[in-house]
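Positions are given from 1 along the sequence. Side chains are part of it too, since the values below use all heavy atoms of this structure and drop only hydrogens, waters and symmetry mates.
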Amino acid sequence: MSGGPGGVGVASDAGAPGAAAGSPGGSGGSGGSGGPEGVGALRDARTPRVPDAGAAPGGSGGGVEPSGEQGRAVANASEAVAAAGSRDAGGLSAGSGGLRGPGGPGGPGGAGGSEGLGALHDARASRVPDAGVVSGESGGSGGSGGVGEVSSGSGAAGVVDAPSAVVSTDDGVPGGTEASAAGEQSRRLFVARGIAVGATAVAAGTVAYGAATVFRGPRVKRVTVPLAKLPRRAHGFRIAVVSDIHLGPILGRAHTRRVVETINRTNPDLIAVVGDLVDGSVADLGPAAEPLRELRSRHGSFFVTGNHEYFSGARQWVDHVRELGLHPLENARTELPGFDLAGVNDVAGEDEGEGPDFERALGDRDPSRASVLLAHQPVVIHDAVDHGVDLQLSGHTHGGQMWPGDLVAALANPTVAGLERYGDTQLYVTRGAGAWGPPVRVGAPPDVTVVELASRHA
């Protein structure tokens, strides 16, 4: 090809190893002409690249005129290209410090435009560093001030590359980006696994702590409740309240013994067991309940049914606790020094015709006397208010036992734990001494509460 004044020689892939031709001249075709100040295309056809030594201007109709270091670098590159071209048909040959070669077998190269630069076309070739842009001679010569372009065939050296070219993968994503993405994925996986391990450790630790809380046994709580009708002589009367012991396959005889020992250490005047003693039959759990015989108080131990007694056979358990020394209060009342103690059956007994009967328990009593009611579930507080009860003692909620049980308990009960007032009636709810379901308590430790009655006349 012949380059115009200041033009750029364009070499295209002729399909033969190392062939250089005018753009787009292929095998047997003629190269195109670059326009003024145009850019010739450099097509890389799977060839290595030679080191970049900068662009060398082509002479008019001739090769590259080397000068100084730049010329030497171009000459070296030219020699390398020429050596490769001499081995292949239609290859490149060196000329006067530049590269020369036919435009392709059977066709002349095109002429380069003025003031143009050779462009780079990558045809999935392995590249070697740019050795500078050279002008062609045989297929065409670089014009005055122009830059010739070389494209390679399959296997020839001497491909020209721009200094700022970036080697890319076949999908157009730089190799460094793939490595960065892989590293980011590894970091995310590490963080996710770390969070999973941490959450598992926290859950396991919470369960272990909650189980240890249950098996350690109930702690003692103390609360003072003033009663307006309580006489001076009954001031300081102490009732040990325990509920929800839940004897069963897991919480057995050893658990009962811990509860009994905790109660006895408080030296109460009276013991109130307010339901949910068991989760099973007398035949299965009678031995587990045996330590209840050892309960000690000045005025005895009293018992009312809970909903779980009706799941387990309430009648047999009422009879059995009587044998163990407890006094069942089945919708009944007894008079104690300074106040009346009443008890009602649990609401679960309604399905068996043995539900709570407030009229039977409280209807004919002396209203001038203070009254304390044992009722398993807090929900009967409104009936207690209607019957003039001064204090109701309940359990059932477990204080929520663990989250989210506290939220559920709050929806179903007026009070989840502790002391609250409803009109002239006060309600105290113990968290219970055992656990239902998994033997785990978190945020609601088991307790035995000593309720001390206070007289306003003292």
Margin query: Ignoring hydrogens, what is the shortest heavy-atom contact between Ala384 and Gln392? Give both atom names and the distance.
Written below: CB-OE1, 3.3 Å
Next item on the list: Determine, stepwise, if the pair Val273 / Val304 fulfils side-chain contact (heavy atoms from CB on, under 4.5 Å).
Entry: CA-CA 7 Å; Val273 181; Val304 294; over 6 Å; no
Margin query: Please check: side-chain N/O of Gln401 versus main-chain N/O of Thr397, any donor-acceptor pairing under 3.5 Å?
Written below: no
Notebook entry, point to check: Any Lys/Arg nitrogen of Arg315 or Glu330 sitting under 4.0 Å from an Asp/Glu carboxylate oxygen of the other?
Noted result: yes
Checklist line | Flag side-chain contact, heavy atom, 4.5 Å: Pro378 against Leu427 | finding: yes
Checklist line | For Gly338 against Ala370, the heavy-atom pair lying closest together | finding: O-CB, 4.2 Å
Check: Is the backbone N or O of Val278 less than 3.5 Å from a side-chain atom of Glu309, with the two atoms forming a donor-acceptor pair by type?
Finding: yes
Note to self: If I take atom CG from residue Leu270 and atom OG from residue Ser297, how far apart are they, to the nearest 0.5 angstrom?
What the structure shows: 5.5 Å
Notebook entry, point to check: How are the rings of Phe302 and His327 set to each other: parallel, tilted or perpendicular (split at 30° and 60°)?
Noted result: tilted
Check: Do Glu354 side-chain atoms and Ala314 backbone N/O form a donor-acceptor pair below 3.5 Å?
Finding: no
Next item on the list: Output, in order, the C-alpha distance, side-chain angles, deciding distance and verdict of side-chain contact (heavy atoms from CB on, under 4.5 Å) for Trp317 and Val282.
Entry: CA-CA 7 Å; Trp317 275 110; Val282 171; 3.6 Å; yes
Note to self: Does any part of the side chain of Leu374, heavy atoms only, come nearer than 4.5 Å to the side chain of Val344, both counted from C-beta?
What the structure shows: no
Next item on the list: Check for a donor-acceptor pair, side chain of Ser243 on one end and backbone N or O of Val274 on the other, with a separation under 3.5 Å.
Entry: yes
Checklist line | CA sep, side-chain torsions, deciding dist, call: Thr449, Tyr428, side-chain hydrogen bond (donor to acceptor under 3.5 Å, both in side chains) | finding: CA-CA 10 Å; Thr449 301; Tyr428 181 80; 2.8 Å; yes
Notebook entry, point to check: When you look at CZ of Arg421, are more than 12 heavy atoms from neighbouring residues, nucleotides or ligands closer to it than 6.0 Å?
Noted result: yes
Next item on the list: Starting at CD1 of Ile250, measure out to CZ of Phe215 and round the result to the nearest 0.5 Å.
Entry: 6.0 Å
Next item on the list: Determine, stepwise, if the pair His308 / Asp279 fulfils side-chain hydrogen bond (donor to acceptor under 3.5 Å, both in side chains).
Entry: CA-CA 6 Å; His308 281 250; Asp279 284 310; 2.4 Å; yes
Item checked: Atom CG of Asp284 with >12 non-hydrogen neighbours under 6.0 angstrom -> yes
Notebook entry, point to check: Does Asn264 use its side chain to pair, donor to acceptor, with the backbone of Arg296 at less than 3.5 Å?
Noted result: yes
Notebook entry, point to check: So, do Asp390 and Val372 sit near enough that their side-chain heavy atoms are less than 4.5 Å apart?
Noted result: no
Item checked: Within-4.5 Å side-chain heavy-atom neighbours: Arg441 and Pro446 -> yes
Margin query: Using side-chain heavy atoms (C-beta onward) and a distance below 4.5 Å, is Val242 in contact with Val259?
Written below: yes
Next item on the list: Please test His246 against His255 for ring-ring contact (aromatic ring centres under 6.0 Å, His included), starting from the C-alpha separation and ending with a verdict.
Entry: CA-CA 9 Å; His246 284 289; His255 178 61; 9.4 Å; no
Margin query: Distance check, rounded to the nearest 0.5 Å: Leu285 atom CG versus Thr256 atom OG1?
Written below: 9.0 Å
Check: If you round to the nearest 0.5 Å, how far is CD of Glu359 from CG of Asn331?
Finding: 11.5 Å
Item checked: For His376, the option from Thr305, Asn307, Asp346 that meets side chain to side chain donor-acceptor pair (under 3.5 Å) -> Asn307
Notebook entry, point to check: Which atoms form the tightest heavy-atom contact between Pro226 and Thr224, and what is the distance?
Noted result: CD-O, 3.8 Å
Checklist line | Ring-ring centroid check His235 His457, cutoff 6.0 Å | finding: no
Margin query: Surrounding CD of Gln185 (heavy atoms of other residues, nucleotides or ligands, distance under 6.0 Å), is the total greater than 12?
Written below: no
Checklist line | Nearest-0.5 Å distance that lies between atom CZ in Arg360 and atom CG in Asn345 | finding: 7.5 Å
Checklist line | Non-hydrogen atoms of Ala444 and Gly399 that approach each other most closely | finding: CB-O, 3.6 Å
Next item on the list: Taking the side chain as every heavy atom from C-beta outward, state whether Val380 and Phe358 have any atom pair closer than 4.5 Å.
Entry: yes
Item checked: Closest contact, heavy atoms only, Ala234 versus Pro337 -> CB-O, 3.8 Å
Notebook entry, point to check: So, do Asp364 and Arg333 sit near enough that their side-chain heavy atoms are less than 4.5 Å apart?
Noted result: yes
Next item on the list: Give the intermediate values and the outcome of side-chain contact (heavy atoms from CB on, under 4.5 Å) for residues Val448 and Val241.
Entry: CA-CA 6 Å; Val448 169; Val241 183; over 6 Å; no
Checklist line | Arg369 and Asp340 ion-paired at < 4.0 Å | finding: yes
Checklist line | Carboxylate-amine/guanidinium proximity below 4.0 Å for Glu294 and Arg257 | finding: yes
Margin query: With side-chain contact (heavy atoms from CB on, under 4.5 Å) as the criterion, how do Leu391 and Thr425 come out once you've worked through the C-alpha distance, each side chain's angles and the decisive distance to 0.1 Å?
Written below: CA-CA 6 Å; Leu391 173 64; Thr425 302; over 6 Å; no
Margin query: So, taking the atom named CZ in Arg298 and the one named CG in Leu336, what distance separates them when rounded to the nearest 0.5 Å?
Written below: 13.5 Å
Notebook entry, point to check: Under a 4.0 Å N-O cut-off, is there an ion pair linking Asp244 with Arg431?
Noted result: no
Checklist line | Presence of salt bridge, Glu261 and Arg258, under 4.0 angstrom | finding: no
Check: Hey, are the side chains of Ile263 and Leu295 touching, using non-hydrogen atoms and a 4.5 Å cut-off?
Finding: yes
List, one per line, each side-chain donor-acceptor pair under 3.5 Å for residues 410-417, sequence neighbours excluded.
from, atom 1, to, atom 2, distance (Å)
Asn413, ND2, Ala409, O, 3.0
Thr415, OG1, Glu420, OE1, 2.7
Thr415, OG1, Tyr422, OH, 2.7

Next item on the list: Work out which heavy atom in Pro356 is nearest to a heavy atom in Val347; give both atom names and the distance.
Entry: CD-CA, 3.6 Å
